Amino acid sequence: MAVSETQLMLSVGLIEKDVNGDTLWVWCYPSVSTELREVLLRKCCLTSDSAVLHAFVFGQYCRTWYYISTVDVQEPTVLKKVTHFSIVITAKDFNPEKYAAFSRVLCRMYIKHGNPVKMMEGYIAVLTKGICQSDENGSFLIKDYDVRKAYLAGSIKDVVSQFGMETIILYTALMLKKRIVIFHPRVEALLEFTRALPALTWHRKDWSILHPYVHLEDRELENLRVCTGYVAGFVDPEVTNRSDLFEVFVNLPDSEITISQHAKEAMAMGKLHKEIGHFIVQSAEDNDRTDVQVIKDISMKTKEILSNLVSLAKEGEDAKLTLEALKQRHFPPATENFLFHLAAAEQLLKI
C-alpha cells in the first residue's frame, strides 16, 4: 500500500445533538478551521429544522472533501444526554464508499464507549497502518477502496435512461468545462446523480469538478466562482433563479435540462452532437453492456474527437490550433464552434 494513500485523511470530528435540541461541534482531531466547521455544521442534518435524517452525505469545500455519517442514538447507550450524533471526516480525496465504511466503524466505537479518544485511536491506526481492526465494531482496511471504484460507482446508464438524447448537453458542457447546476430537493438523489457525471469525460478522471451538495451561502458560492467549470448540486429550489451560477441547469425531479441564454452560442448543437448523442444512447440502452463498458465506449468516442483535434493542432504553429486553421476545414458552423471551444478547454488553442 502506498504510504500517501493513508495520508489523504485530514481530520475527524464529532457533532452532537442533545436532549435539549441543541447541536454542537464537540470534538475534532487534529483540527478543523472555524470557517470549515461552519460549513460542516450546515451540511450536517442535525442543524436543520427537518426531522429527516441523512445517514451519509458528502461534498467538497475549498478543495477539501467532507464525509458525514449521522446516527440516531438508541437505548441502551452510554450516551445519556445525546439523541443524535454525526461523525465528520475530511480528506483530500473523493471516495465516498471508503469514508462511509470507516465512519460506520467510528460510529459503532462511539456508541459503545461514548468517548472520542477511541475514535482518535482508530483514526490514527488508519493514518499510520491503513487498518482499523476491532472485533465488536468491525474492521476497516484502506486498500479495499480503490479510487477507480469510486469513480465508477455512479451510473451513466441511469443518467441516459432519464435524459436520453439530452445527455449530449451534459456531455458537451463537461467537455467544454462549463458550469452545470443540478437541483433536487432530496440530497441522496442529488449525490447519486452528480457523482456519475464526471465519468462522461473519463479521459480527464477529474472529480475535483464535483461539488455535489452546495448551499446558497456567500462563502460556498465564492468557492464555486473560482472554479473554471463544475458540477454543483443544490437542494434549494431558489437556485433555479440563479443563472449567474450556471450555463446548464438540470431540474432532476422534472427531468429537464436548460441551457442558459448566455451559453446558447458556445453550446450550439449540430450534426456532430447528434451523432455523439445517438452513440451514447445506443451504448447505454444496450442491456448487455455494463456501466463500465458504456463509460469505455464514450471514452473511446472522446479520444477519437480529441485525436482529430490534436492532428489539426499539429498542423499549426507550436502544435496549437487557430480559428483561421479551423475555418479552412469548412466544418459545419456548430462543429467548428464546438471544436474551437473544445480546443480552448483542452489548452490546444493558440491565443
Side-chain angles (χ1 to χ4, degrees), residues 156 159-160 162-182 197-204 206 209 225 227-232 240 242-251 255-285 294-295 297-351:
I156 291 296
V159 172
V160 179
Q162 184 169 359
F163 289 102
M165 272 299 280
E166 286 204 314
T167 308
I168 189 58
I169 301 172
L170 300 173
Y171 174 83
T172 305
L174 286 156
M175 286 290 280
L176 301 184
K177 297 185 177 175
K178 298 297 182 189
R179 300 170 306 158
I180 303 172
V181 160
I182 292 121
L197 294 190
L200 284 169
T201 48
W202 183 258
H203 68 292
R204 292 186 190 133
D206 184 10
I209 64 169
R225 283 192 187 100
C227 306
T228 316
Y230 51 71
V231 173
T240 313
R242 294 298 303 268
S243 59
D244 58 311
L245 295 175
F246 58 81
E247 275 83 50
V248 171
F249 181 75
V250 182
N251 183 322
S255 298
E256 283 177 2
I257 300 180
T258 314
I259 300 171
S260 69
Q261 205 56 45
H262 62 269
K264 287 238 154 88
E265 192 186 337
M267 293 283 296
M269 302 282 159
K271 186 167 173 273
L272 176 64
H273 296 86
K274 200 173 178 181
E275 281 171 18
I276 301 166
H278 276 303
F279 178 82
I280 292 171
V281 169
Q282 201 176 350
S283 173
E285 287 182 348
V294 173
I295 289 167
D297 288 346
I298 298 168
S299 179
M300 292 298 285
K301 191 71 175 168
T302 301
K303 277 183 180 154
E304 202 180 293
I305 296 162
L306 290 174
S307 63
N308 287 339
L309 201 59
V310 168
S311 63
L312 284 174
K314 273 183 182 161
E315 293 169 16
E317 202 181 314
D318 306 328
K320 297 277 184 181
L321 192 65
T322 61
L323 184 56
E324 290 70 34
L326 209 48
K327 283 192 178 301
Q328 284 167 13
R329 291 301 177 126
H330 303 294
F331 287 118
T335 301
E336 182 188 283
N337 184 45
F338 173 64
L339 292 175
F340 178 74
H341 285 96
L342 181 58
E346 293 288 331
Q347 297 177 325
L348 290 168
L349 197 64
K350 188 171 175 64
I351 298 172

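All residue numbers in this chain count up from 1 along the given sequence. Because the structure is a prediction, the values reported are computed rather than measured.
A distance of 5.5 Å separates CD1 of Ile295 from CD1 of Ile156, quoted to the nearest 0.5 Å. Rounded to the nearest 0.5 angstrom, Leu245 CG and Arg225 CZ are separated by 6.0 Å. To the nearest 0.5 Å, atom CG of residue Leu170 and atom CD1 of residue Ile182 are 7.0 Å apart. Going from atom CZ of Phe340 over to atom OG1 of Thr322 covers 9.0 Å, rounded to the nearest 0.5 Å.
Sorted by first and then second residue, the salt bridge (Lys or Arg N to Asp or Glu O under 4.0 Å) pairs with a member in residues 328-344 read Glu315-Arg329, Lys327-Glu336; sequence neighbours excluded. Within the structure, salt bridge (Lys or Arg N to Asp or Glu O under 4.0 Å) pairs that include any residue of residues 272-284 comprise Lys271-Glu275 (at least two apart or interchain). Listed by first then second residue, pairs satisfying side-chain hydrogen bond (donor to acceptor under 3.5 Å, both in side chains) with a partner in residues 299-309 read Tyr171-Thr302, not counting sequence neighbours.
Every side chain to side chain donor-acceptor pair (under 3.5 Å) that His203 has, sequence neighbours left out, goes to Glu346. In this structure, the side-chain contact (heavy atoms from CB on, under 4.5 Å) partners of Asn251, at least two apart in sequence or on a different chain, are Phe183, Phe249, Pro253, Asp254, Glu256. The side-chain contact (heavy atoms from CB on, under 4.5 Å) test applied to Gln162 returns Phe193, Leu252, Ser255, not counting sequence neighbours. Remark: Lys264 pairs with no residue by the salt bridge (charged side-chain N to carboxylate O under 4.0 Å, His left out) rule, at least two apart or across chains. Applying the side chain to side chain donor-acceptor pair (under 3.5 Å) criterion to Thr201, with sequence neighbours excluded, gives no partner residue. The ring-ring contact (aromatic ring centres under 6.0 Å, His included) search around His273 returns Phe338, not counting sequence neighbours. Partners of Ser283 under the side chain to side chain donor-acceptor pair (under 3.5 Å) rule, at least two apart in sequence or in another chain, are Asp297. For Glu166, the side-chain contact (heavy atoms from CB on, under 4.5 Å) partners two or more places apart in sequence, or in a different chain, are Phe163, Ile169, Ile257.
The side chain to side chain contact (heavy atoms under 4.5 Å, CB included) with Leu348 is formed by just one residue from the set Leu339, Leu312, Leu309; it is Leu309. Under the side chain to side chain contact (heavy atoms under 4.5 Å, CB included) test applied with Val231, the options Leu200, Leu197, Val250 reduce to a single match, Leu197.
The nearest pair of heavy atoms linking Asp206 to Pro198 is O-CB, 3.8 Å. Across Ala268 and Ala334, no two heavy atoms sit closer than the pair O-CB, 4.1 Å. Considering every non-hydrogen atom in both Leu349 and Ala344, the closest pair reads CD2-CB, 3.8 Å.
Within a 6.0 Å radius of CE in Met300, no more than 12 heavy atoms belonging to other residues, nucleotides or ligands are found.
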Would you please test Ile298 and Ile276 for side-chain contact (heavy atoms from CB on, under 4.5 Å) and show each step? CA-CA 9 Å; Ile298 298 168; Ile276 301 166; over 6 Å; no
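Side-chain contact between Ile168 and Val281 is absent, with no heavy atoms from C-beta onward closer than 4.5 Å.
Judged by distance alone, the side chain of Lys320 and the main-chain N or O of Gln347 form a donor-acceptor pair under 3.5 Å.
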Name every donor-acceptor pair, under 3.5 Å, that has one atom in a side chain of residues 174-181 and the other anywhere in the protein, sequence neighbours excluded.
unit_1 : atom_1 : unit_2 : atom_2 : d
Lys177 : NZ     : Ala345 : O      : 3.1
Arg179 : NE     : Glu247 : OE1    : 3.2
Arg179 : NE     : Glu247 : OE2    : 3.0
Arg179 : NH1    : Asp244 : O      : 2.7
Arg179 : NH2    : Asp244 : O      : 3.4
Arg179 : NH2    : Glu247 : OE2    : 2.8

